[in-house]
Amino acid sequence: MEFTIDTEQQSLVQAVRGLVGKTYDSSEARRAVTKAEPGFAAWDQLAEMGVLSLPFEATAAEVSLAAEELGRVIAPDPFVESIVLAGGLINSVGTDEQKSELVDAIAEGQTLPVLAWLEPNRGWSAQAVSVTYSDGKLNGVKSTVVQADRADLLVVSAAVDGGTGLFLVTDGYATETERTHDGSRAATVTFSDTPAVALGDGGDALAALKHALNLARIAYAHEALGAMAVALDITVGYLKTRKQFGVTLNKFQALTFRAADMYVELELARSAITWATIVAADEGSTPEDVAAAASHAALQVARAGRHIALDAIQLHGGIGMTAEYSVGHYASRILAIGQMIGDETFHLDRLAARIDDHTVLDPIG
Amino acid sequence: MEFTIDTEQQSLVQAVRGLVGKTYDSSEARRAVTKAEPGFAAWDQLAEMGVLSLPFEATAAEVSLAAEELGRVIAPDPFVESIVLAGGLINSVGTDEQKSELVDAIAEGQTLPVLAWLEPNRGWSAQAVSVTYSDGKLNGVKSTVVQADRADLLVVSAAVDGGTGLFLVTDGYATETERTHDGSRAATVTFSDTPAVALGDGGDALAALKHALNLARIAYAHEALGAMAVALDITVGYLKTRKQFGVTLNKFQALTFRAADMYVELELARSAITWATIVAADEGSTPEDVAAAASHAALQVARAGRHIALDAIQLHGGIGMTAEYSVGHYASRILAIGQMIGDETFHLDRLAARIDDHTVLDPIG
Amino acid sequence: MRLQLSPEDQKFREEMREFFTTQIPERIRSKVIARQELSKEEMVESQQILNAAGLAVPGWPLEWGGKDWSQLQRHIWHEEMQLAGVPQPLAFNASMVGPVIANFASQELKERFLAKTANLDIWWAQGFSEPDAGSDLASLRTTAVREGDEYVVNGQKTWTTLGQYGDWIFMLVRTDPAAPKKQQGISFLLIDMTTPGVTVRPIELIDGGFEVNEVFFDNVRVPVGNLVGEENAGWTYAKFLLGNERVGIAQVGASQRHLATAKEIAKERGVLDRFASRIVSLESELLALETTALRVAAHSDGGKPHPASSVLKIKGSVLIQAVSELLMDIDGPAATTSWNSRVFLNNRKVSIFGGSNEVQRTIIAGTILGL
Amino acid sequence: MRLQLSPEDQKFREEMREFFTTQIPERIRSKVIARQELSKEEMVESQQILNAAGLAVPGWPLEWGGKDWSQLQRHIWHEEMQLAGVPQPLAFNASMVGPVIANFASQELKERFLAKTANLDIWWAQGFSEPDAGSDLASLRTTAVREGDEYVVNGQKTWTTLGQYGDWIFMLVRTDPAAPKKQQGISFLLIDMTTPGVTVRPIELIDGGFEVNEVFFDNVRVPVGNLVGEENAGWTYAKFLLGNERVGIAQVGASQRHLATAKEIAKERGVLDRFASRIVSLESELLALETTALRVAAHSDGGKPHPASSVLKIKGSVLIQAVSELLMDIDGPAATTSWNSRVFLNNRKVSIFGGSNEVQRTIIAGTILGL
């Protein structure tokens with residue numbers, strides 16, 4: 001069991017931190033990027049550095065470390081959405097031909113895939129209902145497809161006989177795109193007799209889809225964790241320097257105690273989320289193990305994440321409300337990640353369904 | 001609509017405050033009383049003053065005002081349990097003969113009735129299952145019967161053909177009595193072919209029982225409210241006088257902010273609980289109205305009550321943990337009232353069952 | 001069952017409800033109900049309809065358009081307005097500068113401004129907060145130096161809500177920098193925003209909206225006749241103004257309406273069971289809040305703010321935020337693009353602006369609890 | 001799936017589990033699991049079994065019975081002990097006075113006390129807190145005035161947990177009232193509780209139990225040889241002692257066991273659905289807490305307390321309280337007489353004693369965040 005990272009991992013962290021720290025060296029730089037299309041700017045360099053190949057060539061640990069660095073600068077690049085999730089699914093479900101055709105292209109940044117799995121008003125259910133597949137064609141509507149416009153390959157979950165299949169689509173669909181509150185874009189995608197090719201054998205792939213979503217949840221949680229840590233740092237820095245009533249804010253005990261509470265939550269979240277990655281990285285873990293770990297990590301984002309995000313704004317006062325200052329964007333990103341990976345009720349329900357699996361829940365094996 | 005109390009009510013408040021303030025003039029005096037049997041000491045004087053006749057002769061407003069005063073000194077006398085609840089049921093369900101025989105005796109303190117309604121492991125369900133009635137006899141077990149040993153008349157809910165009936169019992173049952181954590185006593189009562197007389201017509205009285213329980217919940221909530229107000233007062237006084245690190249505790253902003261939050265909760269609780277009494281006192285209210293009002297009041301006890309009780313101890317530090325100091329007894333009593341009237345989940349579920357009754361929940365008619 | 005109103009108040013309530021739901025255009029009210037931003041024109045239109053009926057500024061002195069209502073009636077007026085989705089009369093006019101002018105300004109200023117203020121012919125902006133002051137309002141630095149018949153104003157204000165629409169701005173300015181206490185030496189000045197040297201810069205908020213502004217003053221020359229009351233007595237007027245916002249501070253009606261919307265949406269989408277506990281829980285808290293507002297109204301006298309106003313401000317803001325969080329959460333993953341998330345983010349302001357909840361706790365601990 | 005232990009640590013864990021569940025009498029462990037109070041005799045019996053196997057004081061120096069374990073192994077030892085319902089070695093002996101004597105006392109005192117301390121032949125009480133000191137420990141007033149070969153001790157200690165069983169008490173006393181800072185002039189003294197002038201008065205707590213005491217000192221004469229280390233250097237030893245309680249501070253194993261009990265009871269009574277969300281929620285929080293304890297253990301070196309100990313103390317106490325609240329709530333109305341309510345009330349202490357959570361927040365804000 002290991003909570004420390006090795007030298008090679010440390011180098012990866014430094015490299016990613018250096019790269020995204022340059023591209024997004026200020027809140028203003030990030031804002032400028034998210035205003036323009038497609039809303040992210042570090043992609044080619046991430047590809048060059050090999051970050052986009054991590055899900056295919058390294059373990060969940062490296063993926064999480066990279067995601068956490070992206071979270072620290074709230075990089076808008078769709079690493080988790082496109083690489084971990086869509087890329088990961090292609091790599092796990094695709095035929096050998098599909099993999100050899102696509103995986104390298106994705107890792108090199110030439111192909112940007114996204115997964116279209118959510119459907120209107122169906123929460124975070126992975127089972128496809130609205131979109132159906134038959135005779136080589138897709139019909140129906142997917143919602144909240146992150147970066148659908150920029151993507152050149154959609155992986156679409158669709159109802160098939162006997163379950164939920166996965167299909168590749170490159171053309172023939174309509175998107176209605178909106179800005180997300182955290183500076184990204186997401187689309188409602190409508191398929192009307194859209195030509196589609198099966199990913200893998202075209203049969204039920206619900207289990208693989210769920211597993212990929214859980215791995216993505218864990219990576220997302222690290223992204224949120226990075227953002228939470230920096231949101232607290234910024235807040236602590238503000239309390240030390242901002243003066244009110246003739247003294248710096250850190251003279252107000254009620255405020256410093258709230259910062260202390262944020263730190264407590266952050267450290268507990270760091271532990272649980274890191275543990276989830278250790279589970280994901282372990283070859284002996286079953287998909288059920290990973291699902292539970294993902295839910296524990298997601299609960300931290302839903303609770304500690306929201307707590308830290310909102311108190312970071314409150315402790316700043318007015319300046320925290322402005323788009324010109326960074327902390328609101330951190331809050332928005334933490335919130336958005338929570339919305340992508342499932343809310344508190346969703347994950348509590350998932351865990352409650354397995355409440356009888358153990359007497360004591362012990363993180364050590 | 002009226003949140004102010006009239007001169008007569010004001011006199012009642014002063015009289016009750018004077019009386020119980022003398023009997024329980026210190027935390028030590030109350031402790032001495034609860035240590036001895038039967039654990040309360042103001043009963044005869046309350047009878048003399050006419051307090052025990054309030055449920056029969058006045059409105060819910062006077063009952064609540066009296067209960068609140070008892071709560072302020074956490075008087076252990078079973079006013080709500082015996083008079084409001086058991087006495088109230090006799091008065092509403094009893095035959096004319098039963099009423100003329102019993103009500104005056106109860107109001108004069110000659111007869112002390114208690115209601116045996118709870119059953120082991122059945123939460124706060126009013127429907128009798130364990131205890132059954134047939135052929136003039138009761139069989140089964142009731143739990144948490146407050147002051148069963150002291151009572152000379154039990155009102156017992158029991159399963160009958162077609163529902164839950166109410167029965168009077170004076171003898172022929174076994175009690176197993178324990179101290180409650182707030183200084184009272186409660187018993188498990190076992191009936192074995194215990195002779196019983198129907199209260200009223202002996203048929204289904206579930207609706208009347210539920211209504212009486214709801215009226216009692218509202219009175220109980222006022223008792224809790226009185227205790228909450230004093231718990232905050234004591235805490236504020238302590239913060240003003242106790243020195244740590246060379247200054248009084250009220251120099252520590254984190255502590256004064258918590259006291260401020262307690263005040264916010266107290267005032268909101270006072271509003272909702274008082275409103276519930278106004279509903280109960282209004283002749284135009286339906287039993288459903290009173291049930292909803294009771295649930296809103298009970299939620300305040302479950303939330304604001306626990307919050308204030310526990311923070312009152314925490315803000316005191318070690319001294320708050322001791323039986324020689326008052327604040328822990330206040331916390332215990334507030335907690336116990338919450339346990340008698342139903343917890344948060346119970347009342348949220350009740351309210352959720354009626355979620356469709358209104359678009360906006362408006363306290364003004 | 002509900003608190004019984006007297007027949008008189010019952011009638012009053014029905015009249016209000018009738019007026020608000022029939023006289024204010026549905027196209028305006030439906031925007032409010034959908035929590036969309038209104039245009040300046042829509043806000044003016046609505047307030048002028050209210051004013052024509054004598055319903056825009058009931059709290060003002062009778063001679064300037066006020067009403068001889070009980071506190072309860074003012075509560076009902078406000079509550080029904082919010083429930084009907086009627087935009088409230090612009091607070092800067094109706095609750096802030098209007099009462100200050102009516103109470104403290106010269107007869108000339110009253111005649112010049114009050115009618116137009118009530119009718120929103122003049123849109124007032126608020127010039128109180130400054131970048132380095134924040135919650136510590138009295139440490140403001142914007143100066144007004146008298147030169148003959150004019151003040152020359154230099155400095156910067158910020159968090160000026162809807163200042164981009166402002167015709168005039170009411171300001172706290174420092175007229176005596178040598179005063180022994182910072183609360184002294186402050187004056188209350190009215191400035192035409194078209195005066196040379198006044199620059200407004202909108203600030204984008206975290207939800208992407210523009211509703212607050214910075215306002216810069218560069219040698220702005222203001223006639224001394226625009227001074228309200230006495231020179232260097234502005235802090236008194238400011239405290240009066242800040243304490244004046246009692247009725248409606250908790251925004252209960254709006255929260256109730258949004259909660260009803262949440263219930264409706266949850267039902268439509270088949271997720272009512274999932275959110276039922278949160279909905280009834282918030283309904284219960286709003287009931288406690290509204291009854292508290294009623295208690296405060298019933299016990300207020302002489303227009304002095306009840307100290308429990310801070311209770312209303314804290315809990316009101318917490319519940320506004322909780323209801324908007326619920327609406328956002330009902331959207332599930334679609335919340336990433338939904339308007340509800342933007343409203344939720346925007347609503348972080350309600351516990352910050354207008355006296356943060358930390359300031360309110362300080363008031364409760366100090367003024368009420370004596371700590 | 002769980003964090004993988006190395007085969008070595010896995011084996012260690014199995015050995016611990018085997019020992020605790022087979023060598024400590026079931027009658028003792030079942031009382032712990034039922035959260036009942038143990039008698040003094042039972043605590044002594046259990047600790048002596050541990051000590052005979054070298055498992056009572058693993059944190060001590062090797063020569064006095066300690067173990068050369070990794071921090072992870074100490075964590076496993078503690079966790080398995082708690083999960084098995086084994087009473088922990090008496091903290092006053094094993095974690096407090098023992099390490100202080102081993103690190104700072106004379107060889108003579110070491111030889112005189114350490115073996116008996118490890119074996120609970122001597123039951124130590126703690127004499128730190130005073131009625132007027134509270135969280136401000138250093139403002140203690142109990143004095144020790146040197147007269148020849150003796151100190152004469154006068155004063156009062158309080159919150160002395162299980163002091164009613166005490167054979168000896170380790171004390172902070174003021175030996176130099178004239179010292180410029182209150183932290184100076186304090187000495188660390190060992191006192192035989194049978195000495196004339198020592199009086200113990202048990203304090204009843206709000207749950208009706210007696211576990212803390214006041215201890216009065218009236219001209220108690222103590223040989224100077226009972227001084228630990230240097231005169232007037234006691235504050236240093238006290239800080240060492242207070243920082244020494246790292247492993248096990250969060251009490252995760254006990255909370256996990258109680259939560260398992262709660263789950264079992266809820267199932268038996270058919271109310272698992274009603275409490276499932278709270279149970280899994282607490283399981284999740286305990287998982288985060290235990291992994292945090294493991295991180296802290298993994299990153300500790302040289303016995304110095306990790307600053308994140310305060311995180312473990314705060315969250316550990318919050319979760320102890322939350323689990324006992326759950327157990328109480330599962331009892332429904334029967335909680336009024338149930339043991340679970342008394343445990344819940346008693347557990348209010350865990351956020352107060354041993355450095356209140358307010359003190360812990362001060363440490364985090366100051367030491368870790370630099371605020």
Side-chain angles (χ1 to χ4, degrees), chain B residues 31 117-125 143-144 146 177-188 242-246 249 252 254-255 258 302 306 309-310 313-325 327-329 331-332 335-346 349, chain D residues 129 131-139 158-159 182 201 203-212 214 265 268-271 274-275 277-278 317 321 325 328-353 356-359 361-362 365:
Chain B
R31 265 180 99 197
W117 69 287
L118 294 162
E119 298 183 347
N121 294 332
R122 299 204 59 253
W124 294 273
S125 169
S143 56
T144 320
V146 174
T177 298
E178 292 173 281
R179 297 265 172 132
T180 63
H181 61 80
D182 63 327
S184 184
R185 289 106 177 91
T188 300
R242 167 74 169 171
K243 281 193 174 184
Q244 290 270 272
F245 303 100
L249 289 179
F252 294 95
L255 306 185
R258 281 168 75 174
R306 242 178 231 203
L310 301 183
I313 293 176
Q314 183 71 26
L315 290 179
H316 275 82
I319 188 83
M321 285 297 301
T322 68
E324 290 165 23
Y325 191 78
V327 78
H329 300 287
S332 180
L335 201 63
I337 289 174
Q339 290 161 345
M340 295 308 295
I341 69 180
D343 70 3
E344 195 175 350
T345 308
F346 177 78
D349 286 351
Chain D
S129 293
D132 287 328
S135 288
D136 184 11
L137 192 57
S139 66
T158 191
W159 313 130
K182 63 185 176 187
R201 191 183 79 86
I203 301 172
E204 187 179 343
L205 291 189
I206 52 176
D207 62 326
F210 291 89
E211 62 184 72
V212 297
E214 294 179 294
I265 293 174
E268 278 169 27
R269 297 193 191 154
V271 291
R274 191 178 197 270
F275 292 97
S277 190
R278 269 172 83 178
S317 62
Q321 292 173 341
E325 190 167 18
M328 174 177 77
D329 289 345
I330 290 173
D331 285 340
T336 49
T337 52
S338 82
W339 182 246
N340 286 319
S341 288
R342 293 179 197 270
V343 175
F344 172 77
L345 286 167
N346 180 274
N347 272 340
R348 306 321 302 169
K349 74 184 176 195
V350 298
S351 53
I352 294 174
F353 293 154
S356 72
N357 283 1
E358 288 71 36
V359 169
R361 285 191 186 93
T362 304

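Proteins get letters first, then strands, A, B, ... in listed order; numbering begins at 1 in each.
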*Asks:* Hey, could you give me the CZ/OG1 distance between B:F245 and D:T362, rounded to the nearest 0.5 Å?
*Replies:* 7.5 Å
*Asks:* Taking side chain as everything from C-beta outward and backbone as N, CA, C, O, which of these in D:S351 sits under 4.5 Å from a heavy atom of chain B? Side chain, backbone, both or neither.
*Replies:*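 It is both, since atoms from each part get that close.
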*Asks:* Minimum heavy-atom separation for B:G320 to D:I206, with atom names?
*Replies:*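 Looking at all heavy atoms of both residues, the shortest contact is O-CG2, 3.8 Å.
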*Asks:* OG1 of D:T158 to CD1 of B:I319: how many Å apart, nearest 0.5 Å?
*Replies:* 8.0 Å
*Asks:* Checking B:I313 against D:I352 for the side-chain contact (heavy atoms from CB on, under 4.5 Å) test, could you report, in this order, the C-alpha distance in whole Å, the side-chain angles of both residues, the deciding distance, and whether it holds?
*Replies:* CA-CA 9 Å; B:I313 293 176; D:I352 294 174; 4.0 Å; yes
*Asks:* When rounded to the nearest 0.5 angstrom, what is the spacing between OH in B:Y325 and CG in D:L205?
*Replies:*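 B:Y325 atom OH to D:L205 atom CG measures 15.0 Å (nearest 0.5 Å).
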*Asks:* Mind checking salt bridge (Lys or Arg N to Asp or Glu O under 4.0 Å) for D:R201 and listing every partner two or more places apart, or none if nothing turns up?
*Replies:*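 By the salt bridge (Lys or Arg N to Asp or Glu O under 4.0 Å) rule, D:R201 matches B:E324, D:E214.
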*Asks:* Which one of B:R122, B:M340, B:R179 has the most heavy-atom pairs closer than 4.5 Å to chain D?
*Replies:*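 Top option by heavy-atom pairs under 4.5 Å: B:R179.
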*Asks:* Report the option among D:R274, D:E325, D:K182 that has the most heavy-atom pairs separated by less than 4.5 Å from atoms of chain B.
*Replies:* D:R274
*Asks:* Using salt bridge (Lys or Arg N to Asp or Glu O under 4.0 Å) as the criterion, list what pairs up with B:R185, not counting sequence neighbours.
*Replies:*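 B:R185 satisfies salt bridge (Lys or Arg N to Asp or Glu O under 4.0 Å) with B:E37 once adjacent residues are dropped.
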*Asks:* Need one label for B:D343: side chain, backbone, both or neither, based on atoms under 4.5 Å from any heavy atom in chain D.
*Replies:* side chain
*Asks:* Contact part of B:F252 toward chain D, heavy-atom cut-off under 4.5 Å: side chain, backbone, both or neither?
*Replies:* neither
*Asks:* I'd like to check B:Q339 versus D:S341 (side-chain heavy atoms, cut-off strictly below 4.5 Å). Are they in contact?
*Replies:* yes
*Asks:* Need one label for B:L255: side chain, backbone, both or neither, based on atoms under 4.5 Å from any heavy atom in chain D.
*Replies:*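 Side chain only.
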*Asks:* D:D132 versus chain B, heavy atoms under 4.5 Å apart: side chain, backbone, both or neither?
*Replies:* both
*Asks:* Tell me, out of B:E344, B:H316, B:H329, B:R306, who's got the most heavy-atom pairs with chain D below 4.5 Å.
*Replies:* B:R306
*Asks:* Does any backbone or side-chain atom of B:A186 lie under 4.5 Å from a heavy atom of chain D? Answer side chain, backbone, both or neither.
*Replies:* both
*Asks:* Quick one: pull up CZ in D:F353 and CE in B:M321 and give me the separation to the nearest 0.5 Å.
*Replies:* 5.5 Å
*Asks:* Of all of D:G332, D:A138, D:S338, which one pairs up most often with chain B through heavy atoms under 4.5 Å apart?
*Replies:* D:G332
*Asks:* Within this structure, what is the CD-CG distance for the pair D:E358 and B:L249, rounded to the nearest 0.5 Å?
*Replies:*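 Between D:E358 CD and B:L249 CG, I get 10.0 Å after rounding to 0.5 Å.
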*Asks:* Show the nearest heavy-atom pair for residues B:G123 and D:P333, with the distance to one decimal.
*Replies:* O-CG, 3.3 Å
*Asks:* Drop me the distance from D:M328's CE to B:L335's CG, to the nearest 0.5 angstrom.
*Replies:*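 Here the rounded value is 4.0 Å.
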*Asks:* With a 4.5 Å limit on heavy-atom distance, are the side chains of B:T345 and D:D329 in contact?
*Replies:*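 When only atoms from C-beta onward are counted, D:D329 and B:T345 do not touch, as no gap falls below 4.5 Å.
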*Asks:* For D:D136 and B:G246, work out which heavy atoms get closest and say how close.
*Replies:*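 For D:D136 and B:G246, the tightest heavy-atom pair comes out as OD2-N, 4.1 Å.
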*Asks:* Which heavy-atom pair separates B:Q314 from D:S356 by the least distance, and what is that distance?
*Replies:*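 Closest approach of B:Q314 to D:S356: NE2-CB, 4.5 Å.
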*Asks:* Against chain D, label B:T180 side chain, backbone, both or neither, depending on which of its atoms sit under 4.5 Å from a heavy atom there.
*Replies:* both
*Asks:* What part of D:R348 gets within 4.5 angstrom of chain B, counting heavy atoms only: side chain, backbone, both, or neither?
*Replies:*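 For D:R348, the contact with chain B is made by backbone and side chain together.
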